[in-house]
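Reviewing the structure listed below.
Here is how names work: the chains are called A, B, and so on, in the same order as the sequence lines, proteins then strands, and each is numbered from 1. Atoms considered below: every heavy atom in the structure, side chains included; atoms not considered: hydrogens, waters and symmetry mates.
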Amino acid sequence: MDFYERAKMICENIPRGRVATYGQIALLCGKPRNARQVGYALNKGRLGDVPAYRVVSGSGVLSGAAAFETYDMQKILLEAEGVEVKRTKKGWKTDLKRFGWRTTLEEAESFQEMFQKKNI
DNA sequence: GTTCTGACGAACA
DNA sequence: GTGTTCGCCAGAA
């Protein structure tokens with residue numbers, strides 16, 4: 001099983017106008033403790049051109065040190081999709097209550113099935 | 001083999 | 001609400 005392939009697929013399946021957390025992606029990958037690996041993988045660019053701007057840290061804060069040209073690039077992209085991004089002391093922040101990607105049980109299961117099928 | 005590092009997270013104070 | 005500490009696990013050196 002390839003953790004990176006899974007992460008990539010999940011990133012690509014984050015709905016427009018929503019954001020997901022690293023922990024969430026790790027969870028969907030079947031590795032609940034691997035939130036760091038998600039970020040690490042994305043940073044390394046091993047996932048290719050995935051919409052990584054839809055991935056934020058657990059509290060909804062844009063991690064910032066993303067693989068984007070400028071720091072506020074992520075913010076621009078998110079706002080273009082209708083996600084509100086606020087300025088806080090910690091940096092740019094999204095409201096997970098409203099814009100967080102709520103994964104249903106069905107979605108989670110379909111991911112697992114997909115992984116099984118593709119043997120990744 | 002070991003050690004360090006890291007787009008992080010949860011549990012604390 | 002904030003700041004700190006600790007745990008996590010895959011890569012890199």
According to a strict under-4.0 Å criterion, is A/Tyr4 in side-chain N/O contact with OP1 or OP2 of C/dG11?
-> yes

Rounded distance in Å - NZ (A/Lys8) to C1' (B/dA7) = 18 Å

Using Watson-Crick pairs (N1 to N3, plus N6-O4 or O6-N4) and G-U wobble pairs, both distances under 3.5 Å, which stems of at least 3 pairs involve DNA chain B?
-> B:2-6 with C:9-13, B:8-13 with C:2-7

Considering all heavy atoms of both residues, which atom of A/Phe3 and which atom of A/Cys29 are nearest to each other, and what is their separation?
-> CE1-CB, 3.6 Å

How would you list all residue pairs meeting salt bridge (Lys or Arg N to Asp or Glu O under 4.0 Å) that involve residues 88-99 of chain A, not counting sequence neighbours?
-> A/Glu84-A/Arg98, A/Asp95-A/Arg98

Whole Å only: how far is the CZ atom of A/Arg36 from the C1' atom of C/dA12?
-> 15 Å

Between A/Lys89 (NZ) and C/dG3 (P), how many Å, whole number?
-> 6 Å

For a quick test of your reading: what N or O donor-acceptor pairs under 3.5 Å do the side chains of residues 13-21 of chain A make, sequence neighbours left out?
from, atom 1, to, atom 2, distance (Å)
A/Asn13, ND2, A/Met9, O, 2.7
A/Thr21, OG1, A/Gln24, N, 3.1

Of the nucleotides C/dA10, B/dG9, C/dT2, which has the atom closest to the A/Lys90 side chain?
-> C/dT2

Between B/dA10 atom C1' and A/Gln24 atom CD, what is the distance in whole Å?
-> 16 Å

A/Asp95 CG to C/dG1 P, straight-line distance once rounded to whole Å = 10 Å

Could I get the full list of salt bridge (Lys or Arg N to Asp or Glu O under 4.0 Å) partners for A/Lys75, not counting sequence neighbours?
-> A/Glu79

Taking only residues two or more places apart in sequence, or in another chain, which ones meet A/Arg87 in a salt bridge (Lys or Arg N to Asp or Glu O under 4.0 Å)?
-> none

Separation of A/Gln37 atom CD from B/dC8 atom P, in whole Å?
-> 11 Å

note: A/Arg33, atom CZ; B/dG6, atom P; distance rounded to Å ~ 23 Å

Any N or O donor-acceptor pair linking the side chain of A/Tyr40 to the base of C/dA10 at under 3.5 Å?
-> no

Would one find a side-chain N or O of A/Lys31 under 4.0 angstrom from OP1 or OP2 of C/dA10?
-> yes

Quick one: does A/Gln74's side chain have a donor or acceptor within less than 3.5 Å of a partner on A/Arg54's backbone?
-> no

In whole Å, what is the span from the CG atom of A/Leu28 to the C1' atom of B/dG9?
-> 16 Å

Of all pairs that satisfy salt bridge (Lys or Arg N to Asp or Glu O under 4.0 Å), the ones with a partner from residues 104-120 of chain A, not counting sequence neighbours | none

